[in-house]
Amino acid sequence: MSVHDATTKAALPAEAKNQFLHDAAEHVRDIDHRSFVRKALGGYYVTRDSQKAKYRDWEHARDAAALAKWSAVNRLDELLPLFVTNFEAGGGIVHFARDAQEARTIIVDLVRASNAKAIIKSKCMTTEEIHLNDALEKEGYVVVESDLGEFIQQLRGEPPYHFVFPCMHVRRGEISDLFQKHLGTEPTQSPEELTMIARRYMRQLYVDADVGITGANFLVAETGQISITENEGNARLTAALPRVHIALSGIEKVVASLADLAVLLPMLATAGTGQPMTCYNTLYSGPQKNDEPDGPREMHLVLLDNARTAILADPEQRDSLHCIRCGACLNVCPIFKNVGGFTYGTTYQGPIGSVITPHLRGLSDWNHLSSASSLCGACTDACPVRIDIHHHLLHNRRNAVRASPKRLEHIGHQLFAFVAARPWLFAAGGKLFRWSLGFLKKIRPPLLRQWLETRDLPPAPPKSFRQLWKERS
Amino acid sequence: MSVKASSAKDVVLARVREALQVPAPPPHLKSHDLQEAAGISNARPAGAVGTFKPLSIAPLDVARPWLPEGGQTPEERMHILCDNLKRLKAEFHRACHLQAAAELIFSIARQRDWQRVAYHRHELVDPVASALHCATVCIGEPASFDKRALEQCDAGITACESLVAQTGSILVSSATCGGRSLSILPPVHIVIAHIDQIVATLEDALHDAKVRHAGRMPSMLSFITGPSRTGDIERILVLGAHGPKELIVVLVGESP
């Protein structure tokens, strides 16, 4: 099964649901894969909890983080223009993009105008969202992903498996084979040696690249700076050595002040990877200044809407724009742990992806993701900015039914209401149902077949609850 | 193109204004007082759509008592900082005066047989760099900046703006710490700092930077929290992904 199909299937949205069901069934059967992913997440739980314990109260800190994002998102009309004014004062150039196509055009034009030969890129999910690499490669540019996980995924020809841990499903042996094939290196089983291979390979690319492309985690309105969070130092290098720095960010990343970052940066790290802070949290306010020794001559920031304003217009789910992409909801989600990251077929996997993807790509074709949840609420509990994730999955289900009512389901409900309101009919119906269970098991009617494939149909009890209750008194 | 760009801006900003006409409820908070405060800031007179009042209470004021400790006294801050740097696998040294720091770095450079070390002009860095036995590269004038030469260096020595006890972070800037690459490109990053530069929290570090660079922020401000690392291969920690494999912090000054 080529997983690349998972992204290209966006072109055939009607297939999205069937593809999901098919891939989910495949993955759930793959016990090795599941235990490998669980083991990888096991370490995360330990470090996250020990770091959370450093907070005098994590829950109160979550309140503050939620407030910071809530007040910023609800004041976006005021803070976004303020950010743009302050950022431009630092010498950077802002470009607005209404949708993915416009963002791609802007960035391709910028790259062309800079006469770039080589492009280096640091990890940015928004570029995945707009399929930027495909667009640049179509124009003949070579783009190298510098984040280790993204680099591995790029060599594998796969999208990220998890939006924070892109290659968490890949075993070290596979990475060794991959490097041997593409970079001609000696095989090794050591994660350290594998990391050093990528490090050595990438060094010269940073120095030679003309354009560096990054994302942004926060846009600080007060000072006009963009904040980038990373661990490897690849984003720092990407924004230091090339002549031109292009950053792409969704408009919802605005926060009011630097003081808000003093809350959000450590919480992003703790929720995301269990660190006190990620290794590098960097604020950029524009290109190199006259009295600074180095840095890019030009800095461009592309601010992307791409249906974010549609989510903003829904007050019920507006808080899904609070998301700081820490990935905590994926790491705790029983569905994610069983079906894996590729099954979603989305840029943003897991619970938060299931909430926002229907907004980004259409509810009618992506509503099945709303049912990819046990509604256990683990995601909502894990969210550092208190997004009401699992309720939004319910909201999406309701909205989908409102948009296209299901007649059969509706008739079923009406039939049940009619029967339930008449005790004699209810008793008779129950009797008929108990009597027919054995038949159903034998005949396996199409409606039940999928259910019966993985589950046993228990024998019907001889007496109904109502009968037992009567006998008891 | 500029016409098109400005129209996209107008369209997106108009969409934002339109979308915010209907207020959104505040998030469900643990603190009841806070929930009430948020409710008040969300309330608006009938008909006055699209006017969200800034919160009466700053999120940071809410968070301050609950975030990780940064220390009340200089001794506490020093203790927490050391502890955090150790956990982050950074190398940490104390030196009672600059001369001792210079000797320490000299012996490290000797021992590891460094051939070239990069640095920038700074009162804390100059004496250390000039005491080295090996060749040095001074990062200063933009015209003479050579990224290929810097890439060949064994280590980079910089000053810093502040050290954050709370998280073990070191704040560097492109204006005061030798630009953007010096602290990230060489495989070893050495920070020479004075103990007075230790602050308790990220809040303090950001506030100080804002005051120090009032109105003219450096093009880059970066919190460095331990040596570069990755967990991308089977979630196993490896140091030195793309940035420095080692972070050596030398604190100069008598005990607080």
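Note: hydrogens, waters and symmetry copies are ignored here, and every other heavy atom, side chains too, is used. Below, chains carry the letters A, B, ... as their sequence lines are ordered, and counting in each starts from 1.
- Ranking E151(B), H207(B), R216(B), E141(B) against chain A, the residue ahead of the rest is R216(B), based on heavy-atom pairs under 4.5 Å.
- In terms of modelled atom types and a separation under 3.5 Å, the side chain of K289(A) and the main chain of M217(B) share a donor-acceptor contact.
- In this structure, R148(B) pairs ionically with D208(A), as a charged nitrogen and a carboxylate oxygen lie closer than 4.0 Å.
- Contact tally against chain A (heavy-atom pairs below 4.5 Å) for I57(B), N84(B), L13(B): the top residue is L13(B).
- Contacts between S174(B) and chain A at a heavy-atom distance below 4.5 Å involve backbone atoms as well as side-chain atoms.
- Taking OH from Y280(A) and OG from S169(B), the interatomic distance works out to 11.5 Å, rounded to the nearest 0.5 Å.
- The backbone N or O of E78(A) sits nowhere less than 3.5 Å from a side-chain atom of R17(B) that would complete a donor-acceptor pair.
- In this structure, the portion of I175(A) lying under 4.5 Å from any heavy atom of chain B is its side chain and not its backbone.
- Taking non-hydrogen atoms and a 4.5 Å limit, the residue list of residues 62-69 of chain A in contact with chain B, ordered by number, reads D63(A), A64(A), A66(A), L67(A), A68(A).
- Of the atoms belonging to N290(A), it is backbone heavy atoms, and not side-chain ones, that fall under 4.5 Å from chain B.
- Of the atoms belonging to D388(A), it is side-chain heavy atoms, and not backbone ones, that fall under 4.5 Å from chain B.
- In terms of heavy-atom pairs under 4.5 Å with chain B, the best-connected choice from V170(A), L241(A), L41(A) is L241(A).
- When each of L185(B), L206(B), V62(B), I139(B) is scored by its heavy-atom pairs under 4.5 Å with chain A, the top score falls to L185(B).
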**Prompt:** Yes or no on side chain to side chain contact (heavy atoms under 4.5 Å, CB included) for L20(B) and N74(A), after CA distance, side-chain angles and deciding distance?
**Reply:** CA-CA 7 Å; L20(B) 289 173; N74(A) 283 283; 4.2 Å; yes
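- Just one of I233(B), V238(B), I236(B) meets the side-chain contact (heavy atoms from CB on, under 4.5 Å) condition when paired with L194(A); it is I233(B).
- Most heavy-atom pairs under 4.5 Å with chain A, from the set K210(B), Q166(B), R64(B), H120(B): that is K210(B).
- When each of H245(A), E292(A), Q225(A), Q288(A) is tested with S219(B) by the rule side-chain hydrogen bond (donor to acceptor under 3.5 Å, both in side chains), just one qualifies, namely E292(A).
- In this structure, the side chain of T309(A) does not engage the main chain of V16(B) through any donor-acceptor pair within 3.5 Å.
- For a residue to count as touching a neighbouring chain, one of its non-hydrogen atoms must lie under 4.5 Å from one of that chain's; by this rule T278(A) touches chain B with the backbone only.
- Heavy-atom pairs under 4.5 Å with chain B were tallied for G149(A), G224(A), C279(A); the largest tally goes to C279(A).
- Of the atoms belonging to I228(A), not a single heavy atom falls under 4.5 Å from chain B.
- Your options are Q35(B), K245(B), E203(B), and the one with the most heavy-atom pairs under 4.5 Å with chain A is K245(B).
- Heavy atoms of Q275(A) lying under 4.5 Å from chain B belong exclusively to its side chain.
- If you measure heavy-atom distances from R171(A) to chain B, the contacts under 4.5 Å come from both the backbone and the side chain.
- The part of D260(A) that comes within reach of chain B is its side chain, from C-beta onward, which places non-hydrogen atoms under 4.5 angstrom from that chain.
- Judged by distance alone, with hydrogens and angles left aside, the side-chain atoms of R56(A) form a donor-acceptor pair with the main-chain N or O of P65(B) at under 3.5 Å.
- Chain B forms the most heavy-atom pairs under 4.5 Å with one residue out of A240(A), G295(A), S285(A), G233(A), and that residue is S285(A).
- Scanning all heavy atoms of the two residues, the minimum distance from A19(B) to R318(A) falls at O-NH2, 3.0 Å.
- Interface residue R172(A): backbone and side-chain heavy atoms are both found under 4.5 Å from chain B.
- Only the side chain of M196(A) comes within contact range of chain B, with at least one heavy atom under 4.5 Å from a heavy atom of that chain.
- Both the backbone and the side chain of P218(B) have a heavy atom closer than 4.5 Å to some heavy atom of chain A.
- Proximity to chain B (any heavy atom under 4.5 Å) is restricted, for V84(A), to the side chain, taken from C-beta onward.
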**Request:** Give the C-alpha distance, both sets of side-chain angles, the deciding distance and a yes or no for side chain to side chain contact (heavy atoms under 4.5 Å, CB included) between W66(B) and E59(A).
**Result:** CA-CA 9 Å; W66(B) 313 112; E59(A) 293 304 317; over 6 Å; no
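- Not a single donor-acceptor pair under 3.5 Å links the side chain of R180(B) to the backbone N or O of P296(A).
- Contacts between I311(A) and chain B at a heavy-atom distance below 4.5 Å are absent for every atom of the residue.
- Contacts between R87(B) and chain A at a heavy-atom distance below 4.5 Å involve the side chain alone, from C-beta outward.
- At a 4.5 Å heavy-atom cutoff, A58(B) makes no contact with chain A through either its backbone or its side chain.
- If you tally non-hydrogen atom pairs under 4.5 Å between each of G140(B), G226(B), A205(B) and chain A, the highest count goes to G140(B).
- Only the backbone of P227(B) comes within contact range of chain A, with heavy atoms under 4.5 Å apart.
- Residue L88(B) touches chain A through its side chain alone, counting heavy-atom pairs closer than 4.5 Å.
- Of the atoms belonging to M277(A), heavy atoms from both backbone and side chain fall under 4.5 Å from chain B.
- Heavy atoms of I184(B) lying under 4.5 Å from chain A belong to its backbone as well as its side chain.
- With a 4.5 Å cut-off on non-hydrogen atoms, E18(B) does not touch chain A at all.
- H28(B) touches chain A through backbone and side chain together, each having a heavy atom under 4.5 Å away.
- Looking at H242(B), its side chain does come within 3.5 Å of a backbone N or O of S146(A) through a donor-acceptor pair.
- The pair K147(B)-D294(A) fails the salt-bridge criterion, with no side-chain N (NZ, NE, NH1 or NH2) lying under 4.0 Å from an Asp/Glu carboxylate O.
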**Asked** When you look at R98(A) and R15(B), which way does the side chain to side chain contact (heavy atoms under 4.5 Å, CB included) test go after all the steps?
**Response** CA-CA 10 Å; R98(A) 282 163 280 202; R15(B) 286 180 188 167; 3.9 Å; yes
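- With a 4.5 angstrom heavy-atom cutoff, S183(B) touches chain A via backbone and side-chain atoms both.
- Both the backbone and the side chain of T195(A) come within contact range of chain B, with heavy atoms under 4.5 Å apart.
- Of the two parts of L34(B), only the side chain, counted from C-beta on, holds a non-hydrogen atom closer than 4.5 Å to a non-hydrogen atom of chain A.
- Ion pairing of D232(B) with K123(A) is absent here, as no side-chain N (NZ or NE/NH1/NH2) approaches a carboxylate O to less than 4.0 Å.
- Around the CZ atom of R297(A), the shell of radius 6.0 Å holds no more than 12 heavy atoms that belong to other residues, nucleotides or ligands.
- Scanning for ring pair (Phe, Tyr, Trp, His ring centres under 6.0 Å) contacts around H189(B) gives an empty result, with sequence neighbours left out.
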**Request:** Please assess L67(B) against Y55(A) for the test side chain to side chain contact (heavy atoms under 4.5 Å, CB included), listing each intermediate value before the final yes or no.
**Result:** CA-CA 5 Å; L67(B) 292 174; Y55(A) 287 71; 3.7 Å; yes
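- Here the closest heavy-atom approach between residue L202(B) and residue A262(A) is recorded as CD1-O, 4.0 Å.
- Cation-pi geometry between R235(B) and Y44(A) is not met at under 6.0 angstrom from the ring centre and within 45 degrees of the axis.
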